[in-house]
Amino acid sequence: MNVIRSMRRFFLVALAVIGLFQKGAVAAGNSDADRDALEGMKLSVEDAQQLEETLKHKPDDLSIRAKLLGYYSSRHLRSEWIDGIAEREVLWVIEHHPEARLAGLPYAQFDANSNPSAYQAGAALWKQQVSVRTNEAPVLRNAANYFLLHDPALAEELLKKGSALEPQNPEWPNALGHLYLLRVRKKTTEEAKRATAAALDQYERAYALTPEAYRSYLLDDLAKTAFEVGETNKARLYAEKMLQEAPLQQKGWNRGNDIFFGNLILGRLALKAGDVEQAKHYLVEAGKTSGSPQLNSFGPNMTLAKELLEKGQTEVVLEYFDLCAKFWRYQPRLTEWTTTVKQGAIPDFGANLDY
């Protein structure tokens, strides 16, 4: 599983599905934290410096802090000194506003492998916060997000506690489903199957609790997880719903995902049933997506393409590559794969075999 892709997808879905549950948020602008951070990525150096000055006089302005964290996250590879400033800002948010939506976003997290000292400092603050604010759902949610990758047992405990506090909130089973899928990559085959089945159960709970207008955001996780656990009828049902929902979304960011993954799952089901021609049809239809934030950045899934190449179906895969080139930003890899296929070999698709 591509963890970065999966985490970004998880946070986008969470923001879309649970926005209506955040009306009681403490700090002004809480629901716009992700948007503010994305805006911050576009700031000039001068604009960022001006915001830093403003923050000295308005320390609790979380909109400014979100913009600055977005700015720092987009520049840390080019300016190493920014890392220290970003760490200070993240730790301030955890200490002073652990309930804020900003505190649970990727911009307010540290990687335990690349920055262990900062991660441990953040972990200590979060453990302190949940011990004191033990019945505050927003705090539990944000702490669970922080521990999702590096302390999944603690994350699971926090998510289950949040679910008990808010049994009608789909956020909790959705997050538990995501957590169980993240665990799959570290388990044996049998353990992975049980974890995937548990994830499907949680995703279905989240789907049942989610208002109709927001359910489409959960369909691709449902379809993909159902397929992996061998629930073919459910996988087909959810994939077909994705294709039915896509035209209704107009310009929604998830529309491209629905078109792509709906066709991808139906294609894999067709191939599993021995219908190569139908699988080829769905591969082409998947490639006709207009793209999405995830597809445009990380690229399309190549599982069905690889399975068709293994059956000698090179022409349709080359057509698929051409279609993907219209939305995927990383053209060199497609060019490399095209060359490999024309030479009669199957490319190493790497992370693009992951959902």
Side-chain angles (χ1 to χ4, degrees), residues 7 10-11 14-15 17-19 21-34 36-37 40 55-56 58-70 72-73 83-176 178-179 182-183:
M7 290 295 289
F10 166 65
F11 282 110
L15 286 167
V17 172
I18 66 164
F21 291 92
Q22 304 304 319
K23 293 179 181 179
V26 173
N30 244 11
S31 60
D32 296 326
D34 193 62
D36 287 336
L55 196 60
K56 293 177 182 178
K58 301 172 66 177
D60 289 306
D61 191 322
L62 296 185
S63 176
I64 291 178
R65 289 191 182 275
K67 289 175 182 177
L68 286 173
L69 284 176
Y72 300 143
S73 71
D83 284 349
I85 301 175
E87 289 172 18
R88 180 194 67 201
E89 293 299 325
V90 169
L91 295 175
W92 187 96
V93 171
I94 298 172
E95 182 176 2
H96 296 280
H97 285 288
E99 80 292 335
R101 168 60 61 183
L102 173 61
L105 293 179
Y107 318 102
Q109 297 179 10
F110 303 114
D111 181 70
N113 298 317
S114 62
N115 197 349
S117 61
Y119 174 81
Q120 290 301 330
L125 282 175
W126 273 122
K127 289 176 182 178
Q128 179 182 343
Q129 292 288 14
V130 298
S131 69
V132 175
R133 305 174 71 164
T134 183
N135 291 319
E136 295 184 35
V139 176
L140 296 176
R141 173 200 67 215
N142 293 336
N145 286 348
Y146 189 88
F147 293 113
L148 207 60
L149 287 179
H150 302 294
D151 194 343
L154 178 54
E156 182 177 15
E157 177 186 332
L158 294 168
L159 291 172
K160 287 182 175 179
K161 189 165 188 178
S163 183
L165 289 171
E166 298 180 333
Q168 298 305 309
N169 188 339
E171 171 180 15
W172 305 106
N174 179 59
L176 280 166
H178 181 71
L179 173 65
L182 286 176
R183 287 181 172 181

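- Salt-bridge check for K160 with E156: passed, with a basic side-chain N closer than 4.0 Å to an acidic carboxylate O.
- A donor-acceptor pair under 3.5 Å is formed between the side chain of N142 and the backbone N or O of P98.
- Between atom OG of residue S163 and atom CG of residue N174 there is a gap of 11.5 Å, rounded to the nearest 0.5 Å.
- When all heavy atoms of A100 and L62 are compared, the pair lying nearest together is CB-CD1, 3.4 Å.
- With contacts defined as side-chain heavy-atom distances shorter than 4.5 Å, the pair N115/E87 qualifies.
- The side-chain contact (heavy atoms from CB on, under 4.5 Å) check on A66 picks up D36, L102, with sequence neighbours excluded.
- Using a 4.5 Å heavy-atom threshold, the side chains of Y107 and D34 count as touching.
- Nearest heavy-atom pair, Q109 versus G104, reported as atom, atom and distance to 0.1 Å: NE2-O, 3.4 Å.
- A donor-acceptor contact closer than 3.5 angstrom is absent between the side chains of H96 and D60.
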Quiz: residues 124-131 side-chain donor-acceptor pairs under 3.5 angstrom, not counting sequence neighbours:
| from | atom 1 | to | atom 2 | distance (Å) |
| --- | --- | --- | --- | --- |
| Q129 | NE2 | I94 | O | 2.9 |
| Q129 | NE2 | E95 | O | 2.9 |
| S131 | OG | K127 | O | 3.4 |
| S131 | OG | Q128 | O | 2.7 |

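- The closest side-chain heavy-atom distance from L148 to H178 is below 4.5 Å.
- When all heavy atoms are compared, the tightest approach of L179 to A155 is CD2-C, 4.3 Å.
- Rounded to the nearest 0.5 angstrom, K67 NZ and L69 CG are separated by 13.0 Å.
- Shown here for W172 and G162, the closest heavy-atom pair between the two residues is NE1-O, 3.4 Å.
- The distance from atom CG of L140 to atom OG1 of T134, rounded to the nearest 0.5 Å, is 6.5 Å.
- Distance check: L105 CG to Y146 OH gives 14.5 Å after rounding to the nearest 0.5 Å.
- A salt bridge between E166 and R141 is absent, with no side-chain N of the basic residue lying under 4.0 Å from a carboxylate O of the acidic one.
- Remark: P59 pairs with R65, W92 by the side-chain contact (heavy atoms from CB on, under 4.5 Å) rule, at least two apart or across chains.
- E136 meets the salt bridge (charged side-chain N to carboxylate O under 4.0 Å, His left out) test with R133; sequence neighbours excluded.
- In this view, H150 and D111, A112, N113, Y119 satisfy the side-chain contact (heavy atoms from CB on, under 4.5 Å) rule, not counting sequence neighbours.
- Take D61 and apply the salt bridge (charged side-chain N to carboxylate O under 4.0 Å, His left out) test, not counting sequence neighbours, and it matches K58.
- Residues L55 and E89 form a side-chain contact, since some pair of their non-hydrogen atoms from C-beta on lies under 4.5 Å apart.
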